[in-house]
Amino acid sequence: MNMNDIIIKKRDGGKLTKEEIKWTVSGITNGLIPDYQASALLMAILFRHMDEEETFELTEVMRDSGDVVDLSAIKGINVDKHSTGGVGDKVTLIVGPIAAACGVPIAKMSGRGLGFTGGTIDKLESIPGFRTTLEPEDFFAQVKRIGISLIGQSGHIAAADKKLYALRDVTGTVDDLSLIASSIMSKKLAAGSDAILLDVKCGRGAFMKTPEAAMKLGKLMCRIGKRAGKNTVAVITGMDQPLGNAVGNSLEVIEAIEVLKGKGPEDITELTFTLSGMMVQMGGKAESAEEGRRMAEEAVRSGAALEKFRQLIEAQGGDPRVIEDYSLMPQAKYKAEYIAEKSGYVRSVDPLTIGICSQHTGAGRQKKEDPIDPSAGVYLMKKTGDTVSKGDVLAVFMGDSEEKVGSALREAEFKKAFVIGDEEPEKEPLIKGIVGTDL
């Protein structure tokens, strides 16, 4: 085959065969196809798109480009959960223990963050001593013993995606539905779970800006999952303000513990009960999502979910005392307050600006190799719809660098992260829609 011919074929709107896709992805992954030709193909795909058959083939080829995990040794229906990303999204830390407390085995591999805040693995590593790398036999044994393990994603999972995503990130070719769906689903399918729950974000702080666009992506990913024989459900959720109050690694772990204690913010509590209820149903422990939600609520009310998180921390070398004593978590040396300049209602809290500010404090990365300050981040004192008086604290910025904290505060003030007006805003539903493999 000839890469130039493949580029021209897609440029002119042609449909790539499975053999052409397989040959191309293999060549890009192994470095046999130069980056400039790979980038040209990605741009051709962006403008000409792929049909569903091409998207299915691309997903399968990327899945098979690295290790494919076999979870068949773990009894029960293994359920994986994935979010397309958002500001303050610490949901995995909560729904994992809840579902496990309801009897659903959670053998999950998660990633690190790039951008606003750390990923699930970065958050877990803010717990003193917590190990996110386990040998495969220890990973399986832990799930069999306590029902849950959360570890870092193997570097050999969907190896092709790492190379392709790095190219997309620097060539302006991220925004294609087929490339997004195949990137996400190749990793989810390679992770080996029996069922997949997708939290597809939409809004100002998400990649998909409208519910309609998020629904389209969700349906495509569900069809990919169905083709691979996986029960796949996508929940479309809003990201027009940060989720919860905490944005930052240590801060988000503490907030996750508060939710498991039944004391968390209303929005993230509602979302986690919805998602964990669906995981319980997908895991075969409830007849319906509604029954699953009732079981999830009882797991929190009884303390079983919190105990499951304690077991997870202890099993992976962390200090379980953090559940009662938050001072054992990384503490910021510097704090700065964002003060309201007028009275009224909070009309909006811009998630994108808050996310960028959290990155400025040291909570996120600009490059993969950047270190993260686990104590850094933003804590929101007010959310959309709250009443404020002039002089109230809207948010607190924190971290180990006085310069970074000050820079984050100035960014928030300059970009007007909080908009205050005289009229109370209409409350938007957090759950925008649900699609499944039957669609």
Side-chain angles (χ1 to χ4, degrees), residues 6 10 16-31 33 38-39 41-42 45-46 49-71 78-85 92 107-114 119-121 151-169 171 173-201 207-208 216-234 368 437:
I6 291 173
K10 179 48 68 178
L16 302 182
T17 66
K18 181 174 183 176
E19 290 71 26
E20 288 171 328
I21 292 171
K22 186 174 182 179
W23 181 84
T24 301
V25 169
S26 176
I28 293 172
T29 307
N30 297 327
I33 293 172
S39 300
L41 178 60
L42 290 170
I45 292 171
L46 180 75
H49 308 298
M50 284 181 148
D51 66 15
E52 284 202 0
E53 187 67 27
E54 288 174 292
T55 305
F56 295 153
E57 302 290 6
L58 177 60
T59 304
E60 290 178 1
V61 167
M62 292 207 299
R63 176 199 63 193
D64 296 337
S65 67
D67 296 336
V68 177
V69 180
D70 181 4
L71 297 179
N78 295 276
V79 182
D80 197 358
K81 173 259 167 196
H82 175 81
S83 168
T84 57
T92 292
K108 182 165 173 53
M109 296 182 184
S110 294
R112 297 190 182 278
L114 180 62
T120 297
I121 293 306
I151 63 172
Q153 184 174 294
S154 163
H156 301 294
I157 291 283
D161 181 62
K162 286 186 174 60
K163 185 64 180 287
L164 285 169
Y165 190 87
L167 288 173
R168 288 166 59 207
D169 194 38
T171 57
T173 53
V174 172
D175 308 30
D176 178 78
L177 210 61
S178 292
L179 295 176
I180 296 169
S182 59
S183 174
I184 293 172
M185 291 303 292
S186 62
K187 295 191 287 284
K188 293 295 100 182
L189 295 176
S193 287
D194 304 304
I196 302 167
L197 179 62
L198 302 164
D199 179 1
V200 184
K201 303 292 188 187
F207 186 74
M208 313 308 287
K216 190 174 181 181
L217 175 61
K219 287 181 177 180
L220 176 57
M221 291 193 292
C222 286
R223 288 194 289 269
I224 292 172
K226 182 177 182 179
R227 179 184 171 103
K230 307 288 185 181
N231 179 19
T232 308
V233 175
K368 284 284 188 187
T437 49

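Not measured: the values here are computed from a predicted model.
In this structure, Ile196 and Leu189 have side chains that are in contact, with non-hydrogen atoms separated by less than 4.5 Å. Residues Met208 and Thr84 form no side-chain contact, since every pair of their non-hydrogen atoms from C-beta on lies 4.5 Å or further apart. Counting heavy atoms from C-beta outward, Ile180 and Arg168 have side chains that approach closer than 4.5 Å. Side-chain contact between Leu179 and Leu164: absent, with no pair of heavy atoms (C-beta onward) separated by less than 4.5 Å. Counting heavy atoms from C-beta outward, Thr120 and Lys108 have side chains that stay 4.5 Å or more apart. Side-chain atoms of Leu217 and Phe207, non-hydrogen and from C-beta on, never get closer than 4.5 Å to each other. A heavy-atom distance below 4.5 Å is not found between the side chains of Thr232 and Lys226. Using a 4.5 Å heavy-atom cutoff, the side chains of Thr17 and Trp23 are not in contact.
The structure places CZ of Phe56 at 9.0 Å from CG of Asp51, a figure rounded to the nearest 0.5 Å. A distance of 8.5 Å separates CD1 in Ile28 from OG in Ser39, rounded to the nearest 0.5 Å. Taken from CZ in Arg227 to CD in Glu57, the straight-line distance is 5.0 Å, to the nearest 0.5 Å.
Looking at Lys201 and Ser83, their side chains never bring a donor and an acceptor atom within 3.5 Å of each other. With 3.5 Å as the limit, one finds a donor-acceptor pair spanning the side chains of Ser183 and Lys187.
What you find for Leu220 and Thr55 is that their closest heavy atoms are CD2-CG2, 4.3 Å. In terms of heavy-atom proximity, Ala191 sits nearest to Leu71 at O-CD1, 3.7 Å. When all heavy atoms of Cys222 and Ala234 are compared, the pair lying nearest together is SG-N, 3.6 Å. For the pair Ser182 and Leu58, the tightest heavy-atom approach, listed with the atom from each and the gap, is OG-CD2, 3.4 Å. Of all heavy-atom pairs between Ser186 and Asp161, the closest is OG-CB, 4.3 Å. Contact record, Arg63 with Val68: O-CG2, 3.7 Å, taken as the closest heavy-atom pair.
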(message) What verdict does the side-chain contact (heavy atoms from CB on, under 4.5 Å) test give for Leu197 and Asp199, after you've listed the backbone C-alpha separation in whole Å, the side-chain angles of each residue and the deciding distance to 0.1 Å?
(response) CA-CA 7 Å; Leu197 179 62; Asp199 179 1; over 6 Å; no

(message) Evaluate Leu198 against Met185 for side-chain contact (heavy atoms from CB on, under 4.5 Å), listing each step before the verdict.
(response) CA-CA 10 Å; Leu198 302 164; Met185 291 303 292; 4.1 Å; yes

(message) Quick one, Leu167 with Thr173, criterion side-chain contact (heavy atoms from CB on, under 4.5 Å). Give me CA distance, side-chain angles, the key distance, then yes/no.
(response) CA-CA 8 Å; Leu167 288 173; Thr173 53; over 6 Å; no

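Looking at Asp194, its side chain does come within 3.5 Å of a backbone N or O of Asn78 through a donor-acceptor pair. Using a distance-only test at 3.5 Å, with no hydrogens or angles considered, a donor-acceptor pair links the side chain of Ser65 to the main chain of Ala160.
With sequence neighbours excluded, no residue satisfies side-chain hydrogen bond (donor to acceptor under 3.5 Å, both in side chains) with Thr24.
For the side-chain contact (heavy atoms from CB on, under 4.5 Å) test with Lys188, the passing option among Met109, Lys230, His82 is His82; the others fail. Here the options are Thr59, Leu177, Val200, the test is side-chain contact (heavy atoms from CB on, under 4.5 Å), and the partner is Met221; only Val200 passes.
Lys10 and Glu54 are joined by a salt bridge, as a carboxylate oxygen and a charged side-chain nitrogen come within less than 4.0 angstrom of each other.
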